[in-house]
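Note: hydrogens, waters and symmetry copies are ignored here, and every other heavy atom, side chains too, is used.
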Amino acid sequence: MTPAEIESINQHFNDIWAQRNPQYSSPPQQDSFAWGRFGDGIFELPRQFTLLHHPDFSHNLKALIHLNQFLSFHNVQLIIAVIPDYRAIAARVFNPEFMKIPDSASQEIVATLLRNGIEAIYFTDDVLAETRNYEFTFVYPNDHPGWGCVMPLANCLAARMQRFSTLLNRSFTPEMFTEELQNGWCRERYRFPEGVDIGPRTPGEIYTFPTILLNNKIIKSDPQAKILLIGNSFIQTPQKDSSLASALARISGYSVHEFRMDGNGPAAIIPMRLLLEHERYLKGKVVCLFPFSSSMFESFQFVDIAEYDRNMTLLSGMRLVRTFLPPTPDYVDLDKLQIPEGKKNIWKIFRQKFNGETEVVVSEENTKKEVFQVNVNQKIVTGTMLKITYIVSPQQRGQLYINDVLVPLMPTQYILEWKTAVAPLAADARSISIKLSGAQKDTLIAWKKIELYAP
């Protein structure tokens with residue numbers, strides 16, 4: 001769709017939704033959100049919402065191309081499924097006139113991936129076709145998939161698996177699985193609200209979901225499986241664990257090796273692990289399934305494993321010419337930071353091992369803070385590399401800027417270990433400036449040295 005077409009459709013949607021949304025109720029103190037029940041499905045949508053937009057994930061395209069090439073080198077077929085935005089689905093359910101209007105964000109991401117040789121799946125229409133048949137398409141008001149999204153996705157992936165049937169071994173039949181209601185991923189975080197149509201549910205009742213069980217347990221990841229399933233919590237929900245893997249196993253009969261890292265793990269950590277531990281994750285694999293949210297393709301920064309591998313290879317043949325130590329750190333009072341208590345306690349234990357390392361707090365989200373600056377008195381030759389040893393506080397996201405050139409930092413999930421960032425230094429550089437930024441308020445980053453390598 002052209003920008004003019006998108007603008008026209010958005011205006012038409014805004015006019016219709018402005019007239020229609022007053023007929024839908026809101027939970028207490030949530031007047032800006034409309035809740036509605038359609039068939040068996042419960043949906044939530046802001047009273048002001050833009051239906052369509054052009055997605056911008058150009059900053060990630062090269063990294064995705066290189067990931068695809070890397071997997072292809074190991075004889076593994078990458079298949080990306082673009083999970084639609086939860087409110088893009090709700091908008092069409094509340095306003096059925098727009099059911100046939102393509103989900104522009106998912107559609108354009110899929111089209112771009114296909115044009116660049118990456119197999120991709122658009123399944124928004126499959127989700128829309130089932131919205132009246134499942135209580136939760138997404139776990140509204142949260143953006144995580146419910147069964148109304150997971151089952152259409154599992155069916156699409158199972159259909160794609162048919163072409164690999166001669167290479168895969170079926171481990172299950174549908175009759176081997178049972179179901180029971182559990183509160184699953186939500187635990188007790190979400191309860192049905194008052195003042196809106198929730199059908200047979202009771203206000204204050206904890207969300208529960210059908211849970212697929214094998215021998216009375218949630219299916220476990222199978223490292224020997226020929227299908228690798230990568231993703232974040234969007235492949236986990238709505239049950240406590242392995243929702244998509246369970247659905248795919250019941251539909252197709254295939255077990256999967258699930259490699260899940262929450263948050264931006266699939267963008268920043270999983271590609272690196274596949275590169276550095278390919279024997280562990282890729283040996284014997286036939287296909288890699290990668291469901292990922294359309295919004296995350298735009299908001300997350302994918303690590304480019306080809307660039308990282310190239311930089312590390314270059315570094316291995318270089319000589320260390322200079323080491324810069326961090327400045328004397330200011331005292332960081334962890335108790336005053338807006339970080340979950342559990343993460344603070346983990347960091348407190350980790351910092352006991354510090355020996356000259358510097359902690360930096362980036363107080364405001366998405367702002368740059370200069371932490372180091374030095375003039376370089378020697379001539380910088382072409383190919384000079386800068387190596388920085390760092391760690392980001394658990395489940396926070398940080399970025400590094402070397403002379404204002406972005407270098408994504410690998411986040412820490414649960415295990416605290418020092419990481420390395422490597423980047424080239426421009427031949428005309430006369431100084432080195434290091435800036436840090438964080439995606440959350442009070443992002444905490446530690447670093448211990450900067451090393452300059454030359455050919």
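- In this structure a side-chain-to-backbone donor-acceptor pair under 3.5 Å is present from Q23 to R20.
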Start with the C-alpha distance between E119 and Q77, add both sets of side-chain angles, then the distance that settles side chain to side chain donor-acceptor pair (under 3.5 Å), and finish with yes or no.
CA-CA 8 Å; E119 185 170 353; Q77 175 65 49; 3.2 Å; yes
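- With respect to R191 and E205, no salt bridge is recorded, no charged nitrogen being found less than 4.0 Å from a carboxylate O.
- Taking the six-membered ring for Trp and the full ring otherwise, the centers of H66 and F70 sit at least 6.0 Å from each other.
- Across I16 and E97, no two heavy atoms sit closer than the pair CG2-OE2, 3.8 Å.
- Exactly one of L274, V303, N60 qualifies for a side chain to side chain contact (heavy atoms under 4.5 Å, CB included) with L67. That residue is L274.
- For T208 and R201, the side-chain atoms include at least one donor-acceptor pair closer than 3.5 Å.
- Within the 3.5 Å criterion, the main-chain N or O of L167 finds a donor-acceptor partner in the side chain of K226.
- In terms of modelled atom types and a separation under 3.5 Å, the side chain of H278 and the main chain of L71 share no donor-acceptor contact.
- Within the 3.5 Å criterion, the main-chain N or O of L128 finds a donor-acceptor partner in the side chain of T131.
- Remark: R87 engages E44 in a salt bridge, criterion side-chain N to carboxylate O under 4.0 Å.
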Apply side chain to side chain donor-acceptor pair (under 3.5 Å) to residues T112 and R115 and explain how you reach the verdict.
CA-CA 5 Å; T112 301; R115 283 196 300 269; 3.2 Å; yes
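- Of the possible donor and acceptor atoms, one in the side chain of K344 sits under 3.5 Å from a partner among the backbone N and O of L337.
- For the pair Q239 (side chain) and I212 (backbone), a donor-acceptor distance under 3.5 Å is present.
- A distance of 10.5 Å separates OG in S32 from CG in L45, rounded to the nearest 0.5 Å.
- Ring centroid separation for the pair F209 and W147 does not come in under the 6.0 Å cut-off.
- We find that D335 and K348 are joined by a salt bridge, their nearest charged nitrogen and carboxylate oxygen being less than 4.0 Å apart.
- Aromatic rings from Y207 and F136 are positioned such that their centres are separated by under 6.0 Å.
- Considering all non-hydrogen atoms of both residues, V82 and I109 come closest at CG2-CG2, 3.8 Å.
- By the side-chain hydrogen bond (donor to acceptor under 3.5 Å, both in side chains) test, S293 pairs with S295, sequence neighbours left out.
- Between the R260 side chain and the I235 main chain, no donor and acceptor come within less than 3.5 Å of each other.
- Between F98 and F13, the two ring planes are perpendicular [angle over 60°; tilted spans 30° to 60°].
- Here the side chain of K435 pairs no donor or acceptor atom with the backbone of D404 at under 3.5 angstrom.
- Residues satisfying the ring pair (Phe, Tyr, Trp, His ring centres under 6.0 Å) test with F292, not counting sequence neighbours, are F290, F297, F302.
- Aromatic ring centroids of F172 and F177 lie under 6.0 Å apart.
- The backbone N or O of I65 sits nowhere less than 3.5 Å from a side-chain atom of N116 that would complete a donor-acceptor pair.
- The two residues R92 and P102 come nearest to each other via the heavy atoms NH2-O, 3.0 Å.
- The heavy-atom pair separating V76 from V287 by the smallest distance is CG1-C, 3.7 Å.
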Side-chain donor/acceptor pairs under 3.5 Å, residues 138-145, sequence neighbours excluded:
{"residue": "Y140", "atom": "OH", "partner": "Y86", "partner atom": "O", "Å": "2.6"}
{"residue": "N142", "atom": "OD1", "partner": "H144", "partner atom": "N", "Å": "2.9"}
{"residue": "N142", "atom": "OD1", "partner": "H144", "partner atom": "ND1", "Å": "2.6"}
{"residue": "N142", "atom": "ND2", "partner": "Y190", "partner atom": "OH", "Å": "2.8"}
{"residue": "H144", "atom": "NE2", "partner": "S233", "partner atom": "OG", "Å": "2.6"}

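- Checking side-chain atoms of D56 against main-chain N and O of S58 turns up a donor-acceptor pair under 3.5 Å.
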Would N345 and E341 count as a side chain to side chain donor-acceptor pair (under 3.5 Å) here? Give the steps.
CA-CA 6 Å; N345 293 334; E341 288 301 318; 5.1 Å; no
